[in-house]
Protein chains: 2
Amino acid sequence: MKDMSWESYRIFLEVARQGGLTGAAQVSGLSPATVGRRVLQLEEAMGRPLFLRSQTGYRLTGEGKALFEQLQAMEAIARGVESWRQEGQGASTVRLMAGTWVTWLVCENMSAICTERDPFRLDLSVSERRATLAHREVDVGIRAVEPVEPTLISRPAGDVAYAAYRRKNSGETLAGRWLAVSEDDVVSAYLRWPHERAGGVIAVLVSRPRSLLDLVRAGAGQAVLPCFVGDLDPSLERAGDEIRELRHQQWIVANSEDRHRRDIRTVSDRLFRLLKSHADLFAGKRPSRT
Amino acid sequence: MKDMSWESYRIFLEVARQGGLTGAAQVSGLSPATVGRRVLQLEEAMGRPLFLRSQTGYRLTGEGKALFEQLQAMEAIARGVESWRQEGQGASTVRLMAGTWVTWLVCENMSAICTERDPFRLDLSVSERRATLAHREVDVGIRAVEPVEPTLISRPAGDVAYAAYRRKNSGETLAGRWLAVSEDDVVSAYLRWPHERAGGVIAVLVSRPRSLLDLVRAGAGQAVLPCFVGDLDPSLERAGDEIRELRHQQWIVANSEDRHRRDIRTVSDRLFRLLKSHADLFAGKRPSRT
DNA sequence: GACATGTCTTTCATGATTGAAAAACATAGT
DNA sequence: ACTATGTTTTTCAATCATGAAAGACATGTC
C-alpha cells in the first residue's frame, strides 16, 4: 500500500495542537472542509481512530497521542530546515521565549536586542504558551532551573530577587490587600506565594501576571513582583524586605544543534549582556534611581 | 511566506537517492514530469540550487547535500510511523540487513526465521546497498564491529573464521589460481586478503562475493570463504588452515527506539538462535558431516 | 425556552495539479 | 558517423483536490 502523505502529518499536527478543524484551517491556510477530509484519510490509512470528534472540537485519542509524539520530532527537524531556508534568503527569524517580566524588560530595551539594521526578525513569546526548546518551537529561552537535557546548552545569567510592592505613599492602608494571579494560572513560585503565605485576604485576582503591575500602579493593593520590575518603576515602593525564599538563578538556554546559527548566537549574546547590565537590579540591590 | 510542503521533502529525498527524476518517479508512483516540477518548486522556495542537472540525471549540490542530511533524519521518523501503522494493521515488515553469507544462511534456514504463520513480512537486503540503521532503513542488522552509536543495541553472536577453499580432489593443481572480488567492490577484510596476501596470481575477478562460491564449486580455483560456508558444502575442501588474522566477532544490532516492537524482537531472537546453533561452524571447528 | 455563537459536515462548481505523449538532448555502442 | 537508449523537459487534456456556502448540531446566554 502507498505510504501516507507527509503533508497529512503536518495537518494532523495542527489539528491536534489547535484542538479542532477551524483553528487548524486558519493557521495552515486551508479550509476546514479540506482539513477534515485530510484527517479522515489519515485515520483511514492508519487504520485507527486518532481523534474523538465532537461538535466542540477534536480531541486526541490515546493512539492519536502516540502519533503526535512521533510527529513532533519530525516537525522539529522541519523547523530546522525552515530556518535554514530563511537564512539563505537573508531573512531569518529568531524565536525568543521568556517569562512575563523578562519579556517586558526586552520590550523596554528592544534596541539592545534587535535593531532595524539586523538581518533577522524577532518572535517574542511569553512562556504561558509553553513552547518547548526540544521541539524547536523556540530558539532561545530563559529558564529558572538549569536544564538537564543534553541537547541544550545553557548559560547562567544571574540571580532574580522578589519583594512585595505597593504604590508610593500609600502607607499602611493597603497592608492586607493582596493582588494575585488565579491559582489556575499559577506557573511560578512567586505567583503561588500570595496564596500560601500572605496573611491577609486576596483582594483582586487576575489571570495574567502583567496585570499585577498595572493594579499596583493604580493603588489597588500590593503584589509580589521581581525586584527589577518593582524597583525600576518610580511610582512604586517596596512593602517589605526581599522574600529570600523566592530568590533563584536564571539561565539562557538554546538548542545545541543550532550552534552554527549566527543570528541565534547574536540574540543570545545580547540578551546575556542586557541581563548582566541589570544584574544588580535583578538581584534586588536597590540602586539609586537617576 | 508559506512554508514549503512536507510532501516536496519526500520527493526531494527520493530524487537525491535515485539520482534522477525517472527513478524517483518510479518508486514514488508519480510521473517524471511532476517530480521535476516539484523539485523546481522546492529549489525556488529554498532560494538555492539543490541539484546539478544534466541529461544523465540529477546530482546534489553542496547545499543539496546539507538539506539531504537534515531530511534523512525526518525520514527516519516517518519510517517509524509507517511501521507503527503497519503494526496496527497486523501486517508489519521487518527489514533485515546482513552480509552475503549470513543472508545465504538465512535463506537456507528461512523456516527458522519467518514462517507462513508469522504475522510479519521479512525484507532481506544484502549490505552492498549500504543501508543504515541510524536512519531506520533497516530494523535488524549484522555487523562485524561492535557499534558505538548509543542509539543502537547490540548482542554478540559468536566468532567467524575464514579459510581458503577448493573443489574436493582437485589436488594441488589449483594452488596458485585465486578467485577474488574486484577491488572496487571490496568491502570486508576477507575480500581484500587475496589481493594483499595471496602469493599466486588472481585467475578470475567477480563483482559479487556470492559468485566466489559458484566458481569454487565449478573447480575454477580457490577462494577465501567463511568456514561456515565452505565447511557446509560437501563438494568443497579446505586448501590450508584457518586464516587467523581474518577471524572476527559479529554482532546483531537493532535500533533501541524500536525496543517495543514485538516482531523485531522475534526476528532478532530467532536470528540469534540460528547463529548460535551454527556457532561451531562459524568458529571453524569442522564438525563431522552427517 | 428561545436565541446566538461556535463547531463540524456536506454539496457542488471552480481551479490547480497531474500524467501521457511528444520533443529535445546527451551518451554509449556499433 | 549513425543509431539506440537513456535521460530531462515541454505541451495539453483530464482528473483530482480544493474552497465557498449552506446545512446540521451542540453549547452557553439571556
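Just the heavy atoms: all of them, side chains too, but no hydrogens, waters or symmetry mates, feed the values below.
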For this session: Could you encode protein contacts along nucleotides 3-13 of chain C as a string, one character per nucleotide from 5' to 3', using B for base contact, S for sugar-phosphate-only contact and - for no contact, with a heavy-atom cut-off of under 4.0 Å?
Result: ---BBSSBB--
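- For B:Arg48, the side-chain contact (heavy atoms from CB on, under 4.5 Å) partners two or more places apart in sequence, or in a different chain, are A:Trp84, B:Met46, B:Glu63.
- Regarding contacts with the backbone of C:dG19, a side-chain N or O of B:Ser31 is found under 4.0 angstrom from either OP1 or OP2.
- If you measure from atom CG of B:Leu30 to atom C1' of D:dT9, you get 17 Å, rounded to the nearest angstrom.
- Every residue meeting the salt bridge (Lys or Arg N to Asp or Glu O under 4.0 Å) condition with A:Asp214, not counting sequence neighbours, appears here in chain and number order: A:Arg210, A:Arg217.
- Applying the ring pair (Phe, Tyr, Trp, His ring centres under 6.0 Å) test to residues at least two apart or on different chains, the pairs with a partner in residues 27-59 of chain B are B:Phe12-B:Phe51, B:Phe51-B:Tyr58.
- One interatomic measurement links the two molecules: CD of B:Gln41 to C1' of C:dA16, which rounds to 11 Å at whole-angstrom precision.
- Distance B:Leu52 CG to D:dT8 C1': 15 Å, rounded to the nearest Å.
- Remark: B:Arg143 engages no residue in a side-chain hydrogen bond (donor to acceptor under 3.5 Å, both in side chains) (not counting sequence neighbours).
- Sorted by first then second residue, the salt bridge (Lys or Arg N to Asp or Glu O under 4.0 Å) pairs that include residues 17-28 of chain B, not counting sequence neighbours, are B:Glu14-B:Arg17, B:Arg17-B:Glu75.
- Residue A:Gln26 contributes atom CD, which lies 15 Å from atom C1' of D:dG19 at whole-angstrom precision.
- Note: CZ (B:Arg59) to P (D:dT7) measures 16 Å, nearest angstrom.
- To the nearest angstrom, C1' of C:dT18 lies 11 Å from CD1 of B:Ile11.
- Of the inter-residue distances, the one linking A:Thr100 atom OG1 with A:Leu191 atom CG reads 7.5 Å to the nearest 0.5 angstrom.
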